[in-house]
**Q** 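What follows is a structure written as structure tokens; I'll ask about it next.
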Amino acid sequence: MAQTAQDVLRQIHEDGIELIDLKFVDLHGKWQHLTVCRDLIDEASFSDGVAFDGSSIRGWKAINESDMAMVPDPNTAWIDPFYSHKTLSLICSIQEPRSGKPYGRCPRALAQKALNYLGSTGIADTAYFGPEPEFFVFDDVRYSSGSGSSFYSVDSVEAPWNSSRLEEGGNLAYKIQLKEGYFPVAPNDTLQDMRTEMLLTMGSLGVPIEKQHHEVATAQHELGIKFAELISAADNVMIYKYVVRNVARKYGKTATFMPKPVFADNGSGMHVHQSLWRGGNPLFFGEGTYANLSQTARWYIGGLLKHAPSFLAFTNPTTNSYKRLVPGFEAPVNLVYSQGNRSAAVRIPLTGPSPKAKRLEFRSGDALSNPYLGFAAMLMAGIDGIKNQIDPGDGTDVDLFELSPEELARISTVPASLNGALEALDADKDYLLAGGVFTEDFINNWITLKYEEVQQLRQRPHPHEFVMYYAA
């Protein structure tokens with residue numbers, strides 16, 4: 001049930017809460033926060049916001065225009081489980097304190113603009129998103145990048161490379177062999193209790209939970225959460241990542257959402273299920289068609305496939321993202337759609353006869369994306385597909401690994417690098433600018449920020465280059 005500002009203020013008073021933690025997401029998808037005493041929060045705070053200096057947030061304001069305001073969403077209130085003192089957490093959007101307008105570079109405010117635009121088109125009034133973030137949990141992580149040296153090391157007691165290691169109390173074996181991490185029971189699966197605590201903690205914070213399990217790769221895991229409306233779904237991803245990292249730390253471990261921290265094993269993605277509704281009715285079901293897809297759903301898919309090279313700059317926003325998206329493996333690099341082929345960028349899940357369950361799944365993204373930006377960009381691509389009736393062609397159900405090089409050459413693929421995605425974004429952005437959802441300023445600023453990351457990696461020797469070239 002929706003909460004009002006009065007409901008939150010009543011909870012603060014009745015529960016004797018002294019501290020309120022205001023959380024907001026920056027451009028890169030990281031939560032930032034400010035903790036204030038209860039006296040600083042009143043009913044006006046939920047409309048006018050709480051002032052702060054935005055000049056130190058990466059990619060936001062210059063120091064001569066640094067005043068900003070955090071506006072709490074009363075529907076996001078929960079007691080933070082990781083603080084010693086009882087603290088109420090509220091997720092905020094950012095607005096300009098003088099004009100009262102949403103800040104143009106606030107990801108959460110931008111996602112709201114995407115929803116407003118969807119409503120203005122008359123196509124739909126609700127967009128449901130169901131994200132599936134994957135992550136790794138390690139026992140030890142060390143790395144360094146300097147002028148004369150560079151290295152990284154990740155380790156897990158489960159890892160097959162530790163089968164011969166001398167361990168305190170003896171090496172008990174039960175290591176998970178390469179690509180054999182999907183669903184093994186204990187003692188191979190060592191983190192059942194930790195994942196359960198993560199899942200139940202999320203549930204206690206209002207995230208609709210479903211399941212938890214070990215994933216395919218060494219030390220890789222997934223917690224299943226249910227779909228929600230777009231902004232709530234993005235909020236849930238932020239809570240998910242916050243809980244995963246902090247529960248892992250409680251267990252003396254460290255969690256990462258890097259897509260590819262381990263060589264030669266599966267990477268982590270964030271598949272995102274999507275559907276549109278209008279007036280309480282689902283729009284993606286069409287009985288008797290391929291995968292029971294409506295024409296609206298097909299056009300939505302057409303928009304996703306056409307614009308994927310550019311919106312991957314938001315759904316796959318790091319240089320590491322493209323270490324996972326390599327052709328020839330199970331990674332979803334092919335810009336086709338399919339009922340069952342998991343190397344297709346868009347998959348149509350098997351959902352049975354219920355029209356309400358009909359949805360599509362975009363599989364190429366990863367959990368280092370800012371969910372508000374990634375979901376908004378995919379929605380804008382889908383809307384463009386519907387408005388312009390973009391035909392996605394026929395579904396592709398053949399085994400893509402058995403196609404000849406000539407046949408594969410006819411299938412488009414995602415960009416091979418972050419730089420390629422940024423170039424695609426610069427060339428194909430009109431669909432994002434529709435309705436003023438994204439702006440030229442936002443996109444240009446994003447390209448500038450992300451190109452700096454591309455340059456950082458370009459300028460540094462890679463350790464494996466010494467293996468290949470040192471004595472050449």
Side-chain angles (χ1 to χ4, degrees), residues 28 30 58 134-167 171 175-181 215-221 245 248 253-269 309 312-313 316-333 343 364-369 401 405 408 413-424 447-472:
H28 297 266
K30 290 190 68 174
R58 294 179 299 167
E134 298 168 334
F135 58 95
F136 286 84
V137 175
F138 297 115
D139 300 315
D140 181 69
V141 175
R142 291 171 290 121
Y143 54 87
S144 175
S145 180
S147 296
S149 66
S150 178
F151 86 99
Y152 74 91
S153 172
V154 298
D155 205 6
S156 166
V157 69
E158 296 180 352
W161 58 77
N162 285 324
S163 60
S164 63
R165 184 175 68 173
L166 293 175
E167 296 180 346
N171 190 323
K175 309 305 182 188
I176 295 178
Q177 297 305 309
L178 189 69
K179 297 184 180 294
E180 293 184 7
E215 260 295 346
V216 173
T218 296
Q220 188 184 36
H221 308 269
R245 290 187 176 114
K253 299 181 184 294
T254 177
T256 181
F257 291 88
M258 277 183 69
K260 195 71 172 177
V262 178
F263 171 63
D265 212 340
N266 284 38
S268 286
L312 254 70
N316 302 70
T318 72
T319 58
N320 188 252
S321 298
Y322 299 85
K323 301 291 195 298
R324 166 179 165 260
L325 297 178
V326 178
F329 299 91
E330 291 185 18
V333 300
S343 62
S364 303
D366 63 62
L368 282 190
S369 69
F401 297 112
L408 278 174
T413 59
V414 300
S417 67
L418 176 58
N419 192 55
L422 294 175
E423 290 175 348
I447 291 172
T448 298
L449 288 173
K450 287 295 166 179
Y451 189 68
E452 290 173 2
E453 297 176 22
V454 171
Q455 285 292 79
Q456 286 188 45
L457 204 65
R458 274 181 171 172
Q459 293 171 336
R460 285 167 169 77
H462 189 284
H464 196 66
E465 290 178 310
F466 283 79
V467 175
M468 295 190 293
Y469 307 129
Y470 185 78

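Computed from a prediction, not measured in an experiment: that's the story for all the values here.
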**Q** For a side-chain hydrogen bond (donor to acceptor under 3.5 Å, both in side chains) check, start with the C-alpha distance between S268 and Q220, then their side-chain angles and the critical distance, and finish with the verdict.
**A** CA-CA 8 Å; S268 286; Q220 188 184 36; 3.0 Å; yes
**Q** Quick one: closest heavy-atom pair of P415 and A421, and the distance?
**A** CB-N, 3.7 Å
**Q** Between atom CD of Q455 and atom OG1 of T319, what is the distance when rounded to the nearest 0.5 Å?
**A** 12.0 Å
**Q** Going by side-chain contact (heavy atoms from CB on, under 4.5 Å), name the residues that satisfy it together with Q177, two or more places apart in sequence or in a different chain.
**A** P160, K175, E180
**Q** If I take atom CG from residue D265 and atom CD from residue E215, how far apart are they, to the nearest 0.5 angstrom?
**A** 10.5 Å
**Q** Quick check: closest heavy atoms across V141 and Y143, and the distance to 0.1 Å?
**A** CG1-CD2, 3.9 Å
**Q** Check whether any side-chain heavy atom of R458 lies under 4.5 Å from a side-chain heavy atom of N419, and answer yes or no.
**A** yes
**Q** Does L418 offer a backbone N or O that forms a donor-acceptor pair with the side chain of K450 under 3.5 Å?
**A** no
**Q** Look up atom CG in N171 and atom CG in L166, then write down how far apart they are to the nearest 0.5 Å.
**A** 8.0 Å
**Q** Only pairs at least two apart or in different chains count here, so list each salt bridge (charged side-chain N to carboxylate O under 4.0 Å, His left out) that has a residue in residues 141-160.
**A** D140-R142, D155-R165
**Q** Take K323 and F263 through the side-chain contact (heavy atoms from CB on, under 4.5 Å) test and state the conclusion after the steps.
**A** CA-CA 9 Å; K323 301 291 195 298; F263 171 63; over 6 Å; no
**Q** What heavy-atom pair brings P332 and V414 nearest, and what distance separates the two atoms?
**A** O-CG1, 4.4 Å
**Q** At what distance, to the nearest 0.5 angstrom, does NE2 of H221 lie from CZ of F136?
**A** 9.0 Å
**Q** Kindly give the heavy-atom pair with the smallest separation between L368 and D366, and that separation in Å.
**A** N-OD1, 3.0 Å
**Q** List the atom of Y152, the atom of P261, and the distance in Å for their closest heavy-atom pair.
**A** CE1-O, 3.8 Å
**Q** If you measure from OG1 on T318 to NE2 on H28, what distance do you get to the nearest 0.5 Å?
**A** 12.0 Å
**Q** Taking it one step at a time, do S145 and R460 satisfy side-chain contact (heavy atoms from CB on, under 4.5 Å)?
**A** CA-CA 9 Å; S145 180; R460 285 167 169 77; 3.5 Å; yes
**Q** Measure the CG-CZ distance between N320 and R324 for me, rounded to the nearest 0.5 Å.
**A** 10.5 Å
**Q** Mark yes when over 12 heavy atoms from residues, nucleotides or ligands other than K30 sit less than 6.0 Å from its NZ; otherwise mark no.
**A** no
**Q** List, one per line, each side-chain donor-acceptor pair under 3.5 Å for residues 462-472, sequence neighbours excluded.
**A**
from: H462; atom 1: ND1; to: H464; atom 2: N; distance (Å): 2.9
from: E465; atom 1: OE1; to: H462; atom 2: N; distance (Å): 2.6

**Q** So, for A416 and Y322, which heavy atoms are closest and what is the spacing to 0.1 Å?
**A** O-CB, 3.5 Å
